[in-house]
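Along the sequence shown, residues are numbered consecutively beginning with 1. This one's a predicted model, so the numbers in the text were calculated from it and none came from an experiment.
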Amino acid sequence: MYYVPNVKFIEDNVANYHTNEKRRLSIKIYIDYLSDTVKTKAILNKVLASFPNILQAPAPVIVIEKL
């Protein structure tokens, strides 16, 4: 049992990570402006495919947000 002051619920975001076995994470990775983005995405896909705990459905999404 956990006791959390009411002010934490009012002022902060509260996330319960124990209700679902699976969750999606957003991980920011920074690359150089001159980097090959196609090659970078291919490497990241290869790295993600090598981890058995990463779900294939829905597939991981790699987004280039800004340069």
Side-chain angles (χ1 to χ4, degrees):
M1 183 175 290
Y2 296 99
Y3 293 99
V4 181
N6 288 340
V7 72
K8 293 297 270 179
F9 289 106
I10 296 169
E11 294 178 351
D12 294 340
N13 292 330
V14 178
N16 184 355
Y17 294 115
H18 299 287
T19 57
N20 295 322
E21 292 180 18
K22 304 167 189 160
R23 62 182 175 263
R24 182 174 289 267
L25 299 175
S26 294
I27 301 172
K28 291 186 178 186
I29 298 173
Y30 298 93
I31 61 171
D32 187 67
Y33 182 76
L34 299 174
S35 296
D36 183 353
T37 56
V38 174
K39 185 175 180 182
T40 301
K41 287 176 83 171
I43 291 169
L44 289 173
N45 276 321
K46 189 174 182 180
V47 169
L48 292 173
S50 70
F51 286 92
N53 291 337
I54 293 180
L55 299 177
Q56 297 305 312
V61 176
I62 299 173
V63 177
I64 298 174
E65 191 172 286
K66 61 182 177 179
L67 295 175

Quick one: side chains of residues 39-62, donor-acceptor pairs under 3.5 Å with protein atoms, not counting sequence neighbours, listed by atom name and distance.
from  : atom 1 : to    : atom 2 : distance (Å)
Thr40 : OG1    : Asp36 : O      : 2.8
Asn45 : ND2    : Lys41 : O      : 3.3
Ser50 : OG     : Val47 : O      : 2.6
Gln56 : NE2    : Ile54 : O      : 3.4

Q) How long is the span from the CD1 atom in Ile27 to the CG atom in Leu25, to the nearest 0.5 Å? A)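 These two atoms lie 5.5 Å from each other.
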
**Q.** Spatial distance of atom OG1 (Thr37) from atom CG (Leu34) [nearest 0.5 Å]
**A.**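 Going from the OG1 atom of Thr37 to the CG atom of Leu34 covers 11.5 Å.
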
